[in-house]
Amino acid sequence: MRYNRLGTVLISAGLSALMLVPSEAKRNNVAAVQPLTATSHQMGGNYYCYPYLRETPPAQTPAPEGYEPFHMEHYSRHGSRWHIGYDHYNQPYEVLSRADRAGKLTPLGKRTLEAVGRIREAAQGREGELSDLGALQHQGIGRRMALNYPTIFTDSTNLDARSTVVIRSILSMFNGLNGIQSQVPGIRIKSDASRADMWYMSYDDKPVVSFAWGEGSKQLRKEFDARHKQDNEFLGRLVSDAAYARDSIDADRLYSHLMPLLMNCQSHSDQPWLVDEIFTPQEIHSRWVRRNAEWFVLGGNSKLTGNRHPFSQANVLANIIASADTAINSRRPSVNLRYGHDTIILPLAVLMELDDYGQEINDLEELESKGWCDYDIIPMGANIQIVFYRRPGSTSADDVLVKVLLNEREARLPAGHVTGPYYSWKALKEYYGRKIAPYVTARNPMQ
């Protein structure tokens, strides 16, 4: 497989820069950062339930006069899911069960144990699977696609849908297609989920992955986490005996499993929301700010990681560009849908420089103040819709405008602005093409 040497050099340089960041110099600034105005559900980060399951998405700006939509390119994260890894269920259950047998649980602790026990039992055999709300999220997204763009989604439209080979993504794809077909029963659909497409659907960029989880990156996150460590006061709300809590419970470990378990209750229609009863806003924020920084390290644009991580998704952007060019040469409306994961869509959004998410940030303490929020990019069901417009009858690439929606919100783009959220596809394609050219790999993933 071909890799760009410049990327390797940048990663090495990023590692050197990372190791030179003086953690002591940042410690004094932490107290000055105030939590964003966000709900506890949003602070779940990548567990945040897709906001337009129950709310109405923002209104869209009308197209310039004489233009109508004819094509869509798309990449989506799967919908809400069950946890990946039973430790999130087992560890809190075992800790709270021991405390209960010792007679040390508060009334809230007993209610928490009961809820965790029910959730744990329901989760058996469902690790990482799509939840009931995950299915509804994609049905709604698909339905709104068809309603918003009736000139794209027609009986004569060719729709090609691809998914990664993971079952939650496959089921998300089929629920999205069901939503579309509820409005356009006669649309022509081809769907697939094959390892043959994983070179762009879920590309494993080994230099980036090894650096993202390497010692330098771990040290960066470890130092940041230490500056934002929570105080574990939540334990006193669950356990009545402070001495027992201190001597018999690893509070940090319980926090690291119980919080995600309870945060992900928003992924299900029948699980209780105990987060606000057990944790203070400060404890909720403490976890979020650390996870937000971790997502930035894994996919954001920063010298700390050699500015390399977003380019891990050069293949899928190249595939989008090539697929769009094919569509432009046809007079028939068409749609290309892709269903995958948060680890793809987050660096893709950064690579495409949607809104301000492509900005370079070299101090993790600045993420919150600069509005870099994981829950705005990768809630469950996250999606990027690229909508193409032209004058009826035209097949000229020079005549094509494009609009991009990030989670159904109109996004700003880095090149080719024409008016409002509309951009010249020719200018944008040239900009992206130059940007990703050194990083696109050979098609055959075995080379």
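- Across every non-hydrogen atom of Asn336 and Ser323, the tightest pair is ND2-CB, 3.4 Å.
- Ring-centre distance between His417 and Tyr422: not below the 6.0 Å cut-off.
- Expressed to the nearest 0.5 Å, how far CG of Leu413 lies from OH of Tyr423 amounts to 5.0 Å.
- No side-chain donor from either of Thr305 and Ser302 sits under 3.5 Å from a side-chain acceptor of the other.
- Rounding to the nearest 0.5 Å places OH of Tyr357 at 14.5 Å from CG of Leu348.
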Could you list the donor-acceptor pairs under 3.5 angstrom formed between side-chain atoms of residues 50-57 and any protein atom two or more places apart in sequence or on another chain?
from  : atom 1 : to     : atom 2 : distance (Å)
Tyr50 : OH     : Asn383 : ND2    : 3.1
Tyr50 : OH     : Glu408 : OE2    : 2.6

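- Evaluation of the side-chain hydrogen bond (donor to acceptor under 3.5 Å, both in side chains) rule for Asp398 yields Lys426 as partners, not counting sequence neighbours.
- A donor-acceptor pair shorter than 3.5 Å can be found between the side chains of Gln137 and Ser80.
- When the side-chain contact (heavy atoms from CB on, under 4.5 Å) test is applied to Ala415, the partners found at least two apart in sequence or on another chain are Leu428, Tyr431.
- Between the side chains of Asp197 and Ser194, no donor N or O sits under 3.5 Å from an acceptor N or O.
- Taking the six-membered ring where the residue is Trp, His341 and His78 present perpendicular rings, their angle passing 60° and hence far from 30°.
- Annotation: side chain of Lys429 is not in contact with side chain of Val402 (no heavy-atom distance under 4.5 Å).
- With respect to the salt-bridge test (charged N to carboxylate O, under 4.0 angstrom), the residues Arg118 and Glu114 qualify.
- Side-chain N/O atoms of Ser169 and Thr164 include a donor and acceptor closer than 3.5 Å.
- Side-chain N/O atoms of Lys403 and Gln60 include a donor and acceptor closer than 3.5 Å.
- Ring orientation note: the planes of Phe296 and Trp372 are nearly perpendicular, at an angle over 60° on the 30°/60° scale.
- For the 3.5 Å distance criterion, the side chains of Gln359 and Asn301 fail to qualify, holding no donor opposite an acceptor.
- For the pair Ser369/Glu366, a side-chain contact is recorded, criterion being any heavy-atom separation below 4.5 Å from C-beta on.
- Although no hydrogens or angles enter the test, the distance criterion places a donor-acceptor pair under 3.5 Å between the side chain of Ser182 and the main chain of Gly179.
- Phe311 and Tyr439 have their aromatic ring centers within a separation under 6.0 angstrom.
- Summarising the local packing, OH of Tyr93 is surrounded by 12 or fewer heavy atoms from other residues, nucleotides or ligands at distances under 6.0 Å.
- The 12-atom threshold is exceeded at CD of Gln124, counting heavy atoms of other residues, nucleotides or ligands nearer than 6.0 Å.
- Ring orientation note: the planes of His88 and His83 are tilted relative to one another, at an angle of 30° to 60°.
- For the pair His285 (side chain) and Met43 (backbone), a donor-acceptor distance under 3.5 Å is absent.
- In Lys370, the NZ atom is crowded: over 12 heavy atoms of neighbouring residues, nucleotides or ligands sit closer than 6.0 Å.
- Between Phe279 and Phe234, the two ring planes are tilted [angle within 30° to 60°].
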task: List the steps, then state whether side chain to side chain donor-acceptor pair (under 3.5 Å) holds for His228 with Glu365.
output: CA-CA 10 Å; His228 293 272; Glu365 302 295 352; 2.9 Å; yes
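- The main-chain N or O of Arg253 is found under 3.5 Å from a side-chain atom of Ser256 such that the two form a donor-acceptor pair.
- When all heavy atoms are compared, the tightest approach of Ile328 to Ser396 is CG2-C, 4.3 Å.
- Within a 6.0 Å sphere centred on NZ of Lys229, heavy atoms belonging to other residues, nucleotides or ligands number more than 12.
- For Phe174 against Ser191, the heavy-atom pair with the smallest separation is CE2-OG, 3.7 Å.
- Asp342 CG to Met380 CE: the interatomic distance, rounded to the nearest 0.5 Å, is 7.5 Å.
- The line from CD1 of Ile386 to CG of Leu405 is 9.5 Å long, rounded to the nearest 0.5 Å.
- Ion pairing between Glu73 and Arg338 holds under the 4.0 Å rule for side-chain N and carboxylate O.
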field: Stepwise side chain to side chain donor-acceptor pair (under 3.5 Å) test for Gln139 and Asn178
entry: CA-CA 6 Å; Gln139 289 171 22; Asn178 285 341; over 6 Å; no
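- The two atoms that bring Glu360 and Asn307 nearest to each other are OE1-ND2, 3.0 Å, heavy atoms only.
- No side-chain donor from either of Asn329 and Thr395 sits under 3.5 Å from a side-chain acceptor of the other.
- Between the side chain of Gln266 and the backbone N or O of Met263 there is at least one donor-acceptor pair closer than 3.5 Å.
- Note that CG of Leu177 and CD1 of Ile187 are 8.5 Å apart. Values are rounded to the nearest 0.5 Å.
- There is no side-chain donor-acceptor pair under 3.5 Å between Asn315 and Gln313.
- Panel note: side chain Asp374, backbone Trp295; no donor-acceptor pair is recorded below 3.5 Å.
- One N or O on the side chain of Glu127 and one on the backbone of Gly85 form a donor-acceptor pair closer than 3.5 Å.
- Using a cut-off of 4.0 Å between Lys/Arg side-chain N and Asp/Glu carboxylate O, Arg188 and Asp155 are scored as not salt-bridged.
- By the 4.0 Å N-to-carboxylate-O rule, Glu68 lies too far from Arg390 to be salt-bridged with it.
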message: Quick one, Asp355 with Arg409, criterion salt bridge (Lys or Arg N to Asp or Glu O under 4.0 Å). Give me CA distance, side-chain angles, the key distance, then yes/no.
response: CA-CA 10 Å; Asp355 289 333; Arg409 304 185 306 268; 5.3 Å; no
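- Ring-centre distance between Tyr375 and Trp288: below the 6.0 Å cut-off.
- Between the side chains of Asn158 and Ser334, not a single donor N or O lies within less than 3.5 Å of an accepting N or O.
- Taking the six-membered ring for Trp and the full ring otherwise, His41 and Tyr48 have centroids separated by 6.0 Å or more.
- Under a 3.5 Å cut-off, the side chain of Ser330 and the backbone N or O of Arg332 do form a donor-acceptor pair.
- In summary, Arg162 and Asp160 engage in a salt bridge, as defined by a charged side-chain N under 4.0 Å from a carboxylate O.
- Ring geometry, His71 versus Phe388: the interplanar angle falls from 30° to 60°, so the pair is classed tilted.
- The CG atom of Asp376 sits 9.5 Å away from the CG atom of Asn292 when rounded to the nearest 0.5 Å.
- Tyr89 and Trp82 have tilted rings, their planes meeting at an angle from 30° to 60° on a 0 to 90° scale.
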